[in-house]
Structures are given as C-alpha cells and as structure tokens.
There are 2 protein chains.
Amino acid sequence: MDQSPPRNTSVTVADVAHKAGVSKATAARVLGGYGTVSDRVREAVTAAARALDYRPNELARSMTTGRSGTIGVVVGDIENPFFSLAVRGITDVARQAGFTVILINSGEDVGAEKAAIRTLLAKRVDGLIVSPAKESDVEHLREAARSGLPLALLDRGSDALDVDTVIADDRHAAEGITRRLVSLGHHRIAYLTACDTPDHRFHAAGDINTGSVRRRIEGFLGVCREAGLIGMEDWVHVGAATPEQTHRIVTAMLQSAHRPTAIIASDSVIGLEVFKVCRDLGLSIPDDLSLVSFHDADWTSVTTPPVTVVRQPVYGLGETAAKLLVERLNGKGGEASRIVLRTEVVDRASIADAPV
Amino acid sequence: MDQSPPRNTSVTVADVAHKAGVSKATAARVLGGYGTVSDRVREAVTAAARALDYRPNELARSMTTGRSGTIGVVVGDIENPFFSLAVRGITDVARQAGFTVILINSGEDVGAEKAAIRTLLAKRVDGLIVSPAKESDVEHLREAARSGLPLALLDRGSDALDVDTVIADDRHAAEGITRRLVSLGHHRIAYLTACDTPDHRFHAAGDINTGSVRRRIEGFLGVCREAGLIGMEDWVHVGAATPEQTHRIVTAMLQSAHRPTAIIASDSVIGLEVFKVCRDLGLSIPDDLSLVSFHDADWTSVTTPPVTVVRQPVYGLGETAAKLLVERLNGKGGEASRIVLRTEVVDRASIADAPV
DNA sequence: AATATAAAAGAGACCGGTCTCTTTGGCTTT
DNA sequence: AAAGCCAAAGAGACCGGTCTCTTTTATATT
C-alpha cells in the first residue's frame, strides 16, 4: 500500500495557510504572486503548499479576475489539413502568450457555429477566433463583438463586421490562374467548391456565403468575362463537400459530351478527388485535362504529374489572427486591422495547352 | 447610433431575479433548470432573462458543481493528419456528450506534456485524453489519475499505467508487412521512425519510448529474427521528426553502397518524404525500392505507384478513447479497459520482389 | 372548517480564489 | 522617548452561480 502524498481532494489556499500558520490572505499573496510578503513567510507557505501538493484552481481565479486565460476557436473541420495547419499556428501563438485553446468544429453549419459561440461565451473565453461558415449570417458574431469580446476572423472576412480579419488574396490568386488557363487556350474551365447553395446550383457569386470562395469565383468570372468568355457561371459547381459528392460531380462532368478542359479545385481534398476520377476514367492530366488546386498540400508534389497549386500561407493565417487577438487581449485598442496575406502559384506539371 | 439591447456588462441571476420580482434562488432555479417553480414565475423569469440578454456564467457554475464540462486533450502535433483525424473523433464524441475540448500540442516533448497537464489540472478539466510522448516518463499522468481524474490513453499505452487505453495492433501489423517483404526476398529492410533516442541511434527496442512505435519495431525485429536475418537493429533509423531530417536520413541511406531494398515508414509524413527522395535520386518504386507506410493518408492512392499502407482506424482511436472517458465521467466504474483496434494492410503497388 | 401534506418561494451559506481595507509591528527621525 | 512612516500580515467582502434549510402558500383529506 503506497499512497505517498495524501490523496489531494482539492487542497485550497485556506488549507495551505492553516498549515503554514498564516492567514488566508497572506498565503494567497504568496501562491498568487502578488502583494508583498516577507521571505520567511514566503518560504513557509511555499513549503506547506508543496507538502500538501497544492494545485491552484484557475476557475476560482477567473471568477474574480474576469479573465479565463482561454481563447475559443471555431473552425469548419479540424480534419481538413487547411484548418489543422491554421489551428497549429493559433495554438503556438496562444501558448506563447499564456492562453489555452478551446476548439470547436462547426462542420460549416451556421447553427452549430451559433451553438459553439454560445458555449464559448458561457465558458467566458477571453477572445474568439472564428472562421465563419456564412458571411451573410453573422449576427451572433456581431453581438459577441459588440459585448466587448475581442474577435478575430480567420480566412473569411465580412464587410458587415468591423473586427480584426486575416485572409489570403483569394481574388488575385484566382485571377492569376484563370488568366494562365485562358492564355493556354482553355474555354471550358470548371470551378469546383465545397460550398453549397440551397438548390445546389450556382447562379451568381452572391450565392456563395463563404467569403474566401466567393472572392475566388468573382476573380475567376471576372477574368473569363474580360477574355470574352460568356456564360461561365454554368461552369461553377457547388456542393463538393465530401469525397463522395465530389466524385459524383466530377464523374458526371467529365463524362458529358461538353466536358471541361481544365478544372480549378477550391481545396486540396477536392483536387485529390479530381485526380482519382481522372485515373478511373483513364483521362490523362494534363493532356486531356488541366488541373489547378488551391492549397499546397504536401502530397501535391509527388503525384504524376505533380499538381500546380495556389500556395496559401495557412500557418501564417492562424498565427497572424492569433497575434492580433492577443494584442487586443493585452489592451491594445484602435482600429480593426484587415490583413491580406499573399498567395503564390506553385508551377508544377498539371496544366498544359487546351486539347484541340 | 444603434445599441439595441443594453451592452451586456455581465448580467447575473441576481439582476434577472430583481427584474422579475423574485428571489435570487428562484431565478436560479428557472435559469439553471433544477428544483420546482410555478409556470407563472418561470415565464416571468424567462422573460426578464431575455430582456436583459442574460448569459449564464459556466465558470461560476463549475465552482459549486465541481464539473467544468471540459476535457483536456494532449497530442503530439495537431498538424499531423494522424492526430487531426483522431482529434476529430474525440471532439465529435465530446460534443455529443456535452463536453468541450481544450487542445494542447506537446510537440512530443515530455516537458511540454507535463506543463500541459498542469495547466489542464488548474483549469479543472473533468477528464484527460493523452497521447503520451514517453512511455517511460508518465509519473505526471499517474499522479493525475491517482488524484481521481479520469484519464484515457490514445494510441500509446503504458503497462505502468492502469487506465483506459485505446491502441492499434501495431505489433501484428508490423509483423504482417515484414513477413511479406521477407517472403519477397528482401534482406535489407529499413525501418524509419520520428521517435528519437538520446544519441540519435537505435540499439534495442527498449530505447523507444513511444509505445506504438516500440511494438512495431519489436514486431519487425521479431519476424526478421525468425527468418534468420540478424543484426537488423542496424536498419532501424530514429529521429525522422521533420521532413528535413527525414530527407537527410533517407538520402544518406539510399546513397550508401549497402542500401536497403525496402523501407517501412512509421507514418505518412515520412512515407511521403521517402517518395520525394526516390524521385530526386531517380530511383524507381518498387523496382529499386519497396515502400510500405503506416497510416492510410488520403493521397497514398494517387501516387505513381500507389503506396501499400497499414490502414489504422485513426478516427475510431479517438472516438473510442473519448467514449471510454465519457463513460467514466458518467460514473461507470470498474476495471480499466485496454482496447486494441484492428489494422489492415491495403495492398497497392509500392512493393515488389527484391532486386537481384 | 380544521388539519395534514406537498409545492413554491426565500434566505443565506458556500465554492476557492482575489482584493480592499484595517491593523500590527519594526525602524527611522528629531 | 514620542511621533511618524512604511512594510507585513490579517479580516472579510466579493465574483456568480448552486444548494440546503426554512418559511410561506396552495391543495388535499376527513
């Protein structure tokens, strides 16, 4: 029977104070590291705390200080490499600044996102980093911000929300790759996104609630229009939210008589699925189909051919958002910053001239 | 100037009670959903709460109930697809059961892990899911468990720790693929892991502190011995913790005169890097080198050739650990369960007969 | 109508810290 | 030696909920 230190059933400052023979207030001063205490007393209290295996109760501390030392993070899906990398950026900065992170997945569902915010508010997080599921539905976020809670938006902004925002230059990136495809002679270029609309069809960019994706599609359509290509709205496909759905959409698209000669995939999960369908259908990339994907996932350089991608500074997105938030938490006031991080096209071998 | 509801500077039950004209205790009964109240009073309180935009303070609630509704999760690195998928499994179960998740990365460093546990203990999490960095250094975990905090181990067990544990049948999986390679005539088989030893060299399986990896290496060495291959310890390489290090190790290995004819990669990040080095060196998989990787990452089926992998039920690992923990939290007592989930070899095309 | 019984509401302690305000004690100052 | 001052320690309220215990009110019983 070994039970060395005596089963710590919550030792409190009062217990430590009693053991050290001082008042609760004095013990609290030593343990909490504030106020002034004599060296002799400090040692006595420290010794008593060690002997009793005292563990501070951060919850109780939060009660009076009003700070919980916690930030809430709401992302679409931590399983998606995009978010897991961004979250890594967030947690690194948060830890450095002495905060812990409560993570909630919204599954890109606004209802779940609202519930998440409510939960985090109840847990009294000191700040919030959110990747909003719908730009058009941010009343819950505005309310949180208005009540004075620091809020930073990740990857997706909202003009309706005057808060710190960190996004990538999605429109510019989309314009660049579209221009490149057009100059290679492509007229039938499909854009494929996981975002969905009520009727699962695309009509206009305004239908798309995810800010980053809407800006990309605007860029895509803008360049097409500029190049004299009309009716390109019909080539935007929504609802590729799972590998299965993507498979269905891409297969149908590539088997139709009027099939695209190039596909722009809005994330690496979609890009991967396009690759698989081509293999199954016996189509060659880039001879039969050119492929460009957003997100420089690590595997995109080892396929045959390697995939041309838009490299986003994903870690930096999370890192920057967290830094902005931490600054707010440390009392830095002033205007909300809207930071746009540069993207870069990584040229590999998945695009070529349009087939004749 | 719009400021519809009056800037909620923390509305408390007392405020609601006052507005509704009832006592604090009664208002708390309505708001907290306990005890008995008349319908009339319930409505009055509910209305007052809505009017004042009352938000419960979960922290204060935790003070008295002793439950925080939070579980702490410590993993090596959320950026690694293995962990992000496992964490997804954990968060799904946690949310279902009404818990939120505080996530901390240990970076596979025991010191950081200890700090993480301390932080989580201070935050008074209701339970803990940990993927221990070192099996040999679990005193902090034992102490947490002994103080009555439910603890579940993820992917890595410890005989020294009698707590709920969920792992994969790593040894069996390693035996299977090693046997396959041996039967194809391979004698020079390298095993590559991110785990490290003090001197960055491998001597015996006991050197490896990560349980899952140690079991795999034991399986690997066991089958080799069985097959009459001796001194295979020299073929185990440790310290492939980053793509850069992996690159260095693999390049050196493949450029040596006595180079391996097969490589077993301990995770998909390593597998990917092996692939890249082969491409750079102009070596053909599987003609010049056979490759097997642990973790059926989504990209492994689209490379040329597609990679033969050990498929682990990663989501299920997290899911199961969370379920066990939730059961404990709901008071189910009894023996600690040690669950071993099945793995499966997915045969693709990256292995072949040993070159002559 | 009088009593028993249960339901509804109130009063106030409590959780474990922080923090303000007050008291004590040692040391300087002239 | 008396006054003045500041560091060190103590007393107790407070944060915002929960919960026990007590009192009041409504309903049932004969």
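Heavy atoms only: backbone and side chains are in, while hydrogens, waters and symmetry mates are out.
- Residue Asn330(A) places its CG atom among more than 12 non-hydrogen atoms of other residues, nucleotides or ligands, all under 6.0 Å distant.
- If you take CZ of Arg67(B) and C1' of dG16(C), they are 19 Å apart, rounded to a whole angstrom.
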* **Derivation of the salt bridge (charged side-chain N to carboxylate O under 4.0 Å, His left out) call for Glu58(B) and Arg61(B)** => CA-CA 5 Å; Glu58(B) 193 68 38; Arg61(B) 177 173 295 163; 3.7 Å; yes
Acceptor/donor pairs from residues 31-51 of chain A side chains to any protein atom, 3.5 angstrom cut, sequence neighbours excluded:
unit_1   : atom_1 : unit_2   : atom_2 : d
Ser38(A) : OG     : Val41(A) : N      : 3.4
Thr46(A) : OG1    : Arg42(A) : O      : 2.6

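- In this structure, Ser68(B) contributes its side chain and Ser62(B) its backbone to no donor-acceptor pair below 3.5 Å.
- Between the CG atom of Asp15(A) and the P atom of dC15(C) there is a distance of 10 Å, rounded to whole Å.
- Rounded to 10°, the helix from dA1(C)-dT30(D) to dT30(C)-dA1(D) has 40° between the axis fitted to its first five pairs and the one fitted to its last five.
- Formation of a donor-acceptor pair under 3.5 Å by the Arg95(B) side chain with backbone atoms of Asn105(A) is found in this model.
- Distances shorter than 4.0 Å separate none of the side-chain N or O atoms of Ser38(A) from OP1 or OP2 on dA8(D).
- In terms of phosphate contacts, Ser23(B) brings no side-chain nitrogen or oxygen within less than 4.0 Å of OP1 or OP2 of dA11(C).
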What pairs of nitrogen or oxygen atoms, one from the protein and one from nucleotides 18-25 of chain D, lie under 3.5 Å apart?
unit_1  : atom_1 : unit_2   : atom_2 : d
dT18(D) : OP1    : Arg61(B) : NE     : 2.7
dT18(D) : OP1    : Arg61(B) : NH2    : 3.2
dT18(D) : OP2    : Tyr34(B) : OH     : 3.4
dT18(D) : O4'    : Thr64(B) : OG1    : 2.9

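- Comparing Val22(B) and Met63(B) against DNA chain C, the residue whose closest nucleotide sits nearer the 5' end is Val22(B).
- Applying the 6.0 Å contact sphere to NZ of Lys323(A) captures no more than 12 heavy atoms from other residues, nucleotides or ligands.
- The separation between Glu58(B) atom CD and dG17(D) atom C1' is 10 Å, rounded to whole Å.
- Under 4.0 Å is where a charged nitrogen must lie from a carboxylate oxygen, and between Arg156(B) and Glu113(B) no such pair does.
- For the pair Arg42(B) CZ and dA8(C) P, the computed distance is 9 Å after rounding to whole Å.
- Judged purely by atom type and a 3.5 angstrom limit, Thr70(A) has no side-chain atom pairing as donor or acceptor with the backbone of Val101(A).
- Here the C1' atom of nucleotide dA26(D) and the CG atom of Asp39(B) are 14 Å apart, to the nearest Å.
- If you run side-chain contact (heavy atoms from CB on, under 4.5 Å) between Val87(A) and each of Ile78(A), Val314(A), Asp92(A), only Ile78(A) comes through.
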